[in-house]
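No hydrogens, no waters, no symmetry mates; every other heavy atom, side chains included, goes into these values. So you know, we letter chains A, B, ... as the sequences are listed, proteins then strands, and number each from 1.
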Amino acid sequence: MYVAVKGGEAAIDNAHTLLAHTRRGAPEVPEITPAQIAGQLTLAAERVMAEGSLYDPALAALAIKQARGDLVEAIFLVRAFRTTLPRFGQSVPLDTSAMAIERRISATYKDLPGGQVLGPTFDYTHRLIDFLLEAGAEVPEPARADAGDAVVAPRVTDLLDGESLIERETRADDAPAPDITREPMEFPASRDQRLQVLARGDEGFLLALGYSTQRGYGRTHPFVGEIRFGEVAVEFVPEELGFPVPLGNVRLTECQMVNQFTGSADKPPQFTRGYGLVFGQGERKAMAMSLVDRALRAHEFGEESGAPAQDEEFVLSHCDNVQATGFVEHLKLPHYVDFQAELELVRRMRAEYAAREERVEEEARE
Amino acid sequence: MSAAETGPTHGYNFAYLDEQTKRMIRRAILKAVAIPGYQVPFASREMPMPYGWGTGGVQVTAAIIGRCDTLKVIDQGSDDTTNAVSIRKFFAKTAGVATTTHTAEATIIQTRHRIPEHTLKAGQILVYQVPIPEPLRFLEPRETETRRLHALKDYGLMQVKLYEDIARHGHIATTYAYPVEVAGRYVMDPSPIPKFDNPKMNMSEALQLFGAGREKRIYAVPPHTNVRSLDFEDHPFRVQQFATPCALCGAEGVYLDEVVLDDRGGRMFVCSDTDFCEERRAQGFTGTMSPDWKGEGANGGRQANER
């Protein structure tokens, strides 16, 4: 005898209790702290800040703990929290040329003012599992520069700009930038809206799209003009003061991709830009973002288009992993009402098909 | 409602959303009501439940709910499915409002995939959760293009799709999310309700609001509005028919769920609207699989869809 399934509420509560228990793992192993996550799994926390679009290392670390290390879930937690925060205004545009540089490399010049600063990078490491880490070996002290030797590093694109070799990027007006989290985006989107969407877009999705442009699906002839990573001061102008006051520092990765442009009837040949900017040390994401940003500008330069990475609606509508994961995973919600409707149709059509076959057979016999 | 009011959940506003956000959503709702069937873009917020799980419906409900409201939440017609339980709990927690499973008692009903069997009355609001608000989306993936088609009232694509279904299958092969024309103007996606429920939308006394969170759209069907399911003169719109009545309450002319009983083809059909079914059983109606089945004719011929 079938009894309509009841007690969904108790089942949900039990599932959540079990989740909390599973999250804790083996009780004989010490519990991980958010401070450990923020300090030692920094790149995970920074990815959560970048795609969660909220600069708060402690909160990102807590979200990672709560999400059992599932970064997309952690990003979702941060986004849902962010949505409840009041917004008191827009900062002064960040000056990344005044960044306290931890890493700065250019692929277009061998040497340049400010030099090449490798910083903490996986590049050139041999990807051999380091069993010493398991043993907890002591870490050697890094070399330190004197405090007086602060790196002054003008942006590579500014150097090119001096020769008018690269397109100029200037704000058309002083109107506040649109906020994609406060106003619904409409297509075609402005570049500032596009960059906002890409900045919080899924690293994996943008990586694949950026990669596709390198393999010929919307080629952009890119050079890494510069990647820089470090701390930048955030300033804000309170209305009652009328001058900027510092709010604090954020760690950022900026990528300036320099791309070929052969010129058109009304424009001389000039290099163009693709831009990537993310919270934290997120080089892969910043590079992928700048490739996709440039690919999305194909129309602007009258370039041949049609590749996925050049399709604004396709890229912007699908790069948000919180939206994507929600909609993909919603398929596990019950759909039996709609499935029933399909069952009824398929059964009816099969019955009609069988009747038709039978008729044909009968006619053949006659 | 003043912004100072706080819900029972510390640190969050009444019904979770802040008052500015609610105001923004209410403006979108008012516009939607003024232009029946038109999809109004709104600045959908990130909600504490996943996109695709009813964030649009939740935002609409949060924007319209007041302390005196009574909320019912259903998913697949049932109050007990996991997502319905979760959303009902969310509002019980963040707004502290009364909740119910009885359709007649509710002032706001949030739904996923069904319209209740009980005819809705004036003063009630039905809030639909919508995954893909654009009825033309699967015919034309581009938003820029579909907005133009709506503006020009160019629904040829849809007509051709329905015609091709008939030419190929002998039927219109759309069984849910069946497109409707609202107030003689906009073609609208009724959300993935079975087409069985489409006629209930027509001239309903209740206000019907549709929220699509991920897609950032709100649309509406005001009370007493013409809602016509698209069809052809020689292929008129028809709803699903079930061969048997509900096995538990004997109701006919209602939407049924098919429940698999064993691996030998055993099936039973029961009301999808669990509240409706329970109410009938409380009134003494029985079905073939009720413990106290009273036999054929026991229900006095009263049909469930008598309204």
Going by distance alone, is a donor N or O of one side chain under 3.5 Å from an acceptor N or O of the other, for A/E352 and B/H171?
yes
A/Y336 versus chain B, heavy atoms under 4.5 Å apart: side chain, backbone, both or neither?
both
With a 4.5 angstrom heavy-atom cut-off, is it the side chain or the backbone of B/T82 that approaches chain A, or both, or neither?
both
Please classify the contact between B/F42 and chain A as side chain, backbone, both or neither, with a heavy-atom cut-off of under 4.5 Å.
backbone
Can you tell me which portion of B/Y178 sits under 4.5 Å from chain A's heavy atoms? Options are side chain, backbone, both or neither.
neither
If you measure from the Lys or Arg side-chain nitrogens to the Asp or Glu carboxylate oxygens, is any gap between A/R182 and B/E46 under 4.0 Å?
no
Could you tell me which portion of B/M24 (side chain, backbone, both or neither) has an atom closer than 4.5 angstrom to a non-hydrogen atom of chain A?
neither
Rounded to the nearest 0.5 Å, what separation is found between the CZ atom of B/R142 and the CZ atom of A/F314?
10.0 Å
What part of B/S272 lies closer than 4.5 angstrom to a heavy atom of chain A: side chain, backbone, both or neither?
side chain
Out of B/F242, B/Y176, B/F196, which one pairs with A/Q340 under the side chain to side chain contact (heavy atoms under 4.5 Å, CB included) rule?
B/F242
Please look at A/R348 and chain B and tell me whether the side chain, the backbone, both or neither of the residue comes under 4.5 angstrom of a heavy atom of that chain.
side chain
Region of A/E329 in contact with chain B, defined by heavy-atom distances below 4.5 Å:
both
How long is the gap from CD on B/E258 to CZ on A/F339, to the nearest 0.5 Å?
8.5 Å
Among A/E186, A/R82, A/R79, which has the most heavy-atom pairs under 4.5 Å with chain B?
A/R79
At a heavy-atom separation under 4.5 Å, does B/L17 approach chain A through its side chain, its backbone, both, or neither?
neither
So what's closer than 4.5 Å to chain B heavy atoms on A/R87: side chain, backbone, both or neither?
neither
So, A/H330 versus B/R214: side-chain donor-acceptor pair below 3.5 Å or not?
no
Portion of A/L77 that has a non-hydrogen atom of chain B nearer than 4.5 angstrom:
neither
Taking side chain as everything from C-beta outward and backbone as N, CA, C, O, which of these in B/Q241 sits under 4.5 Å from a heavy atom of chain A? Side chain, backbone, both or neither.
backbone
Hey, could you give me the CD/CE distance between B/E143 and A/M185, rounded to the nearest 0.5 Å?
10.5 Å
Is it the backbone or the side chain of A/D179 that comes under 4.5 Å from a heavy atom of chain B, or both, or neither?
neither
Side chains of B/T175 and A/E344: is there a donor and an acceptor less than 3.5 Å apart?
no
Measure the spacing between CG of B/D18 and OG1 of A/T84 and express it to the nearest 0.5 Å.
8.5 Å
Check step by step if salt bridge (charged side-chain N to carboxylate O under 4.0 Å, His left out) holds for B/R45 and A/E183.
CA-CA 10 Å; B/R45 296 290 190 258; A/E183 300 140 44; over 6 Å; no
What part of B/A173 gets within 4.5 angstrom of chain A, counting heavy atoms only: side chain, backbone, both, or neither?
both
Based on non-hydrogen pairs under 4.5 Å, which of B/P48, B/S86, B/G54, B/P192 is most in contact with chain A?
B/P192
